[in-house]
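Notes for the one structure printed next.
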Amino acid sequence: MTPDPAGVVAASCVDPDAVVPVFFLSDSTGISAETMGNALLIQFPDVHFERTLIPFISTVEMAREVVAQLDEAMAGPVPPLVFTTAAVDEVREELLKTRAPIIDFFGLHMSLVEEQLGARGLREARRLHGVGDVRRYNDRMAAIEFAIEHDDGLSPRGLDRADVVLLAPSRCGKTPTAMYLALQHGLFVANYPLVDEDLETTDLPGPVRDLRDRCFGLTTTVARLSRVRQERRPDSRYASEDQCRFELRRATAMYETHALPTVDTSAASVEEIAAVVIQTLARQRRSAGRTSARDPRRRGTA
């Protein structure tokens, strides 16, 4: 069954307060279905969605139960929207029997890939985000351990193993970015907080001075930084706009002195920040004419 986009738009126009039920279906984790589905839903900021993830639909019987749930949802005030990445033919074919509008990402694209390659895919639930590739999984776990050990400059030990060193004043987004890069990309990421003592000069802090080619500066706006810090230490000097302005100005001077790549985190998601970091560092290494084991391009991506 093919979805009727016009019907969805019409429904939202009739009642702007209506909530559209959205289901993400998969015979694996469902992360891909959510990612691709949400990439489409974000284009409709005025429509309210109620999201439900149903992963690990591994048998025809389970698929039939899901179809019953979807058909029941069709009786509601707003028809549901369904995204699926089920790879197993029997499961996918059963899911497609629902009366609900369904977008089959796997079915839409797999046949085109097979035609291009001149070969038939396995059509198995390979679980991209599961253990699957044991080596890649172990790499990611090691990267997470590294990120935890080197969070907020906690330990200088083994810092030379870092793929990326994030520099920024406190609360600019270093930790979530480091964890995302470790979990999703298997990169060894250290993050180093720039404190008043570091900001007295434009020199790089001692522990990261020899790692300039791996350093990446994060910045934000004064208002955003002050607001975030207020949640942690209300009405403190630490959260004052004057202090935030001083730290950001001095950090920017340090970044510019050493020609460090930077990204403004004030309005960027952690995924966007991570993408900028990876692409920028990879571009630097290409221009330097060297590829090493620490090159982000050499590691697997999620």
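Numbering of residues begins at 1 and proceeds along the displayed sequence. Values reported hereafter were calculated over all heavy atoms of this structure, with side chains retained and with hydrogens, waters and symmetry mates removed.
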Please report, to 0.1 Å, the donor-acceptor pairs under 3.5 Å made by any side chain of residues 63-78, with sequence neighbours excluded.
| from | atom 1 | to | atom 2 | distance (Å) |
| --- | --- | --- | --- | --- |
| Asp71 | OD1 | Thr98 | OG1 | 2.9 |
| Asp71 | OD1 | Arg99 | N | 2.8 |

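When the shell of 6.0 Å around CD of Glu50 is examined, it contains 12 or fewer heavy atoms from other residues, nucleotides or ligands.
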Practice prompt. Could you go through the salt bridge (Lys or Arg N to Asp or Glu O under 4.0 Å) check for Glu231 and Arg171 one step at a time?
Written response: CA-CA 11 Å; Glu231 296 175 359; Arg171 311 307 285 179; over 6 Å; no

Item to complete: Could you please spell out the steps behind the salt bridge (Lys or Arg N to Asp or Glu O under 4.0 Å) verdict for Arg229 and Glu247?
Response: CA-CA 13 Å; Arg229 288 183 173 186; Glu247 291 184 33; 2.7 Å; yes

Worksheet entry | Steps toward side chain to side chain donor-acceptor pair (under 3.5 Å) verdict (Asp264, Ser266) | CA-CA 6 Å; Asp264 184 343; Ser266 60; 2.7 Å; yes

Worksheet item: Hey, mind stepping through Ser170 and Tyr238 against side chain to side chain donor-acceptor pair (under 3.5 Å) and telling me if it holds?
Response: CA-CA 9 Å; Ser170 172; Tyr238 166 78; 2.6 Å; yes

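Applying the side chain to side chain contact (heavy atoms under 4.5 Å, CB included) test to Ser111 and every residue at least two apart in sequence or in another chain returns nothing. For Phe83, the ring-ring contact (aromatic ring centres under 6.0 Å, His included) partners two or more places apart in sequence, or in a different chain, are Phe24, Phe105. For Glu271, the side chain to side chain contact (heavy atoms under 4.5 Å, CB included) partners are Tyr180, Ser269, not counting sequence neighbours. Applying the salt bridge (charged side-chain N to carboxylate O under 4.0 Å, His left out) criterion to Arg92, with sequence neighbours excluded, gives Asp89, Asp104. Every residue meeting the ring-ring contact (aromatic ring centres under 6.0 Å, His included) condition with Phe146, not counting sequence neighbours, appears here in chain and number order: His150, Phe188. Scored by the side chain to side chain contact (heavy atoms under 4.5 Å, CB included) test, His258 finds Leu204, Arg212, Met254, Leu260 as partners (sequence neighbours excluded). Residues satisfying the side chain to side chain contact (heavy atoms under 4.5 Å, CB included) criterion with Glu145, sequence neighbours excluded, are absent altogether.
The pair Arg237-Asp196 counts as a salt bridge, with a side-chain nitrogen and a carboxylate oxygen less than 4.0 angstrom apart.
Residues near Leu112 contribute nothing to a hydrophobic cluster around it, because no ILVMFWY side-chain heavy atom sits closer than 4.5 Å to its side chain. Members clustered with Val195: none, using a 4.5 Å side-chain heavy-atom cutoff among hydrophobic residues. Through direct or indirect side-chain contacts shorter than 4.5 Å among Ile, Leu, Val, Met, Phe, Trp and Tyr, Leu248 is connected to Val222, Leu225.
Between Asp27 and Ser58, the side chains place no donor N or O within less than 3.5 Å of an acceptor N or O (distance only, hydrogens not considered).
To the nearest 0.5 angstrom, Leu25 atom CG is 5.5 Å from Leu95 atom CG. Annotation: the span from Leu81 atom CG to Phe23 atom CZ amounts to 10.5 Å, rounded to 0.5 Å. Once rounded to the nearest 0.5 Å, the distance linking OG1 of Thr265 with CZ of Arg224 reads 7.0 Å. Rounding to the nearest 0.5 Å gives a distance of 8.5 Å between OG of Ser240 and CD of Gln230.
Asn191 contributes a side-chain N or O that, together with a main-chain N or O of Asp152, makes up a donor-acceptor pair within less than 3.5 Å.
Every pair passing side chain to side chain donor-acceptor pair (under 3.5 Å) that includes a residue from residues 34-46 is listed here, sequence neighbours excluded: Asn38-Arg51.
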